[in-house]
Asks: 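Before I ask anything, here is the structure I am working with.
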Amino acid sequence: MPLWLELAVRVGAVLVAFLVLPLLVGQTEHKVMAHMQGRLGPMYAGGYHGWAQLVADGIKFVQKEDVVPRDADRTVFRLAPVVALVPYLLALLVIPLGPGDLVGQPLDVGLFFVLAVVGVGVLAVLMSAWASANKYSLLGGLRGAAQLLGYELPLVLAAASVAMAAGTLSLPGIVQAWQPWWLIWQAPALVIFFIAGVAEIRRPPFDMPVADSELVAGYMTEYTGLRFAFLLLAEYVGIVVIAALTTVLFLGGWQGPFGDEYLGWLWTLLKVFAVAFVIIWMRVTFPRLREDQLQRLCWLVLVPVALGQLVLTAGVKVALG
């Protein structure tokens, strides 16, 4: 196969996953939350169980008027939703779905690349908050910046622990080096990475930047129509990326009880949706953290435990030679 054709196929496959998986997660969230909270919700779109409601919501967003505040910085305001989406698309390019060629673009420093591009998300929050010319948006943006910059540290430290254990920054290499007993050895890093990842995508209970009871919708307050839909889509893509990273780094990726070579992609998807389900479950279960509680959890709990896990990983690696 010519190089250009292979590249086009890989990018096209990642783009399809980028568009389809978040919609599946969004639909799952709507129905799972409805059942957990004992409410039916819309049940008619598409027929059975309202399966097409998310599609109907998308059509509704497309039809809505695109409003830009009079005092807003129009260029930055319109660019922010794109900046919110692009980093996750780039991250999906290097996350492996299965063994061999089932990855958009394998990189020797794939983990470093993913953590770097996911961190760009804070720029979208700041851009939308500042450009909206709205005091509630600005407060939400400041909260978001403090939260994202804080939780970047435990996220990176937890990922560094498993990278040290595997001896590589390559995501396929980490999956290949993974052993089932790592579920115990790297369990603290798994918990820290998952919590910090949920905070990075601003999901409940870490949704202070968009606290509706205080800030209307935070940095998203002034957005309407398709741009507002893009910001919502970025949240669901973020769930997919964090769930996929958790799967690849800590849950063995495509490794399963049998059939890794042929069913590896299925094991990966099952684990990704299982982690995504836990993220949805957290939204229904836990109340929103106050700002001081959120920062205290980060700096007084997650960071010290992550540093301790790094020391433990280094000690085990030295002991094992």
Asks: May I have the step-by-step check of side-chain contact (heavy atoms from CB on, under 4.5 Å) for Trp185 and Gln179, ending in yes or no?
Replies: CA-CA 10 Å; Trp185 176 32; Gln179 299 294 330; over 6 Å; no
Asks: Surrounding CD1 of Ile184 (heavy atoms of other residues, nucleotides or ligands, distance under 6.0 Å), is the total greater than 12?
Replies: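 At most 12 heavy atoms, drawn from other residues, nucleotides or ligands, come within 6.0 Å of this atom.
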Asks: Is a side-chain donor or acceptor of Thr168 paired with a backbone partner of Ser170 at a separation under 3.5 angstrom?
Replies: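 Present.
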Asks: Do Leu302 and Val191 make a side-chain contact, defined as non-hydrogen atoms from C-beta onward lying under 4.5 Å apart?
Replies: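 Not in contact.
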Asks: Between side-chain atoms of residues 111-124 and protein atoms elsewhere (two or more places apart, or another chain), which donor-acceptor pairs fall under 3.5 Å?
Replies:
none

Asks: Given 3.5 Å as the limit, does a donor-acceptor pair link the side chain of Thr224 with the main chain of Val67, or not?
Replies: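 Yes.
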Asks: Would you indicate whether the side-chain heavy atoms of Gln255 and Trp267 approach each other to under 4.5 Å?
Replies: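 Of all side-chain heavy-atom pairs linking Gln255 with Trp267, none is under 4.5 Å.
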Asks: If we only count heavy atoms from C-beta on, is the Ser137 to Ser128 side-chain gap below 4.5 Å?
Replies: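 The answer is no, as the side chains (C-beta and beyond) never meet within the 4.5 Å cut-off.
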Asks: Indicate yes or no: at least one non-hydrogen side-chain atom of Pro69 is less than 4.5 angstrom from one of Phe77.
Replies: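 Yes, at least one pair of side-chain atoms sits under 4.5 Å.
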Asks: Is Arg203 paired with Glu235 through a side-chain N to carboxylate O contact shorter than 4.0 Å?
Replies: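 Salt bridge between Glu235 and Arg203, a charged N being under 4.0 Å from a carboxylate O: yes.
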Asks: Examine Val162 and Val272 and state if one hydrophobic cluster contains both, with Ile, Leu, Val, Met, Phe, Trp and Tyr joined whenever side-chain heavy atoms are less than 4.5 Å apart.
Replies: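 Shared cluster, no.
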Asks: How far apart are the closest heavy atoms of Tyr223 and Pro81, and which atoms are they?
Replies: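 Closest approach of Tyr223 to Pro81: CE2-CG, 3.7 Å.
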Asks: Between CD1 of Ile201 and CG of Leu148, what distance do you get to the nearest 0.5 Å?
Replies: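 Answer for the CD1-CG pair, Ile201 versus Leu148, is 10.5 Å.
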Asks: Determine whether a donor-acceptor pair (N or O, by modelled atom type, separation under 3.5 Å) exists between the side chain of Trp182 and the backbone of Phe250.
Replies: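 It does not hold such a pair.
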Asks: Could you tell me whether the side chain of Leu251 reaches within less than 4.5 Å of the side chain of Leu183, counting heavy atoms only?
Replies: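 The answer is yes, as the side chains (C-beta and beyond) meet within the 4.5 Å cut-off.
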Asks: Is there a side-chain contact between Tyr151 and Leu297, using heavy atoms and a 4.5 Å cut-off?
Replies: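 Yes, close enough: below the 4.5 Å cut-off.
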Asks: Are Leu89 and Leu85 side-chain neighbours, meaning at least one heavy-atom pair lies under 4.5 Å?
Replies: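 No. Closest side-chain heavy atoms not under 4.5 Å.
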Asks: How many angstroms lie between CG in Leu270 and CH2 in Trp265, if you round to the nearest 0.5 Å?
Replies: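 Rounded to the nearest 0.5 Å, the CG-CH2 separation comes out at 8.5 Å.
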Asks: Check whether the side chains of Glu291 and Gln147 place a donor and an acceptor atom closer than 3.5 Å, and report yes or no.
Replies: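 Gln147 and Glu291 do not have a side-chain donor-acceptor pair below 3.5 Å.
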Asks: For residues Leu21 and Phe273, determine if any side-chain heavy atom of one lies less than 4.5 Å from a side-chain heavy atom of the other.
Replies: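 Yes - at least one pair of side-chain heavy atoms lies under 4.5 Å apart.
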Asks: Is there a donor-acceptor pair under 3.5 Å between the side chain of Arg78 and the backbone N or O of Val76?
Replies: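 A pair under 3.5 Å: no.
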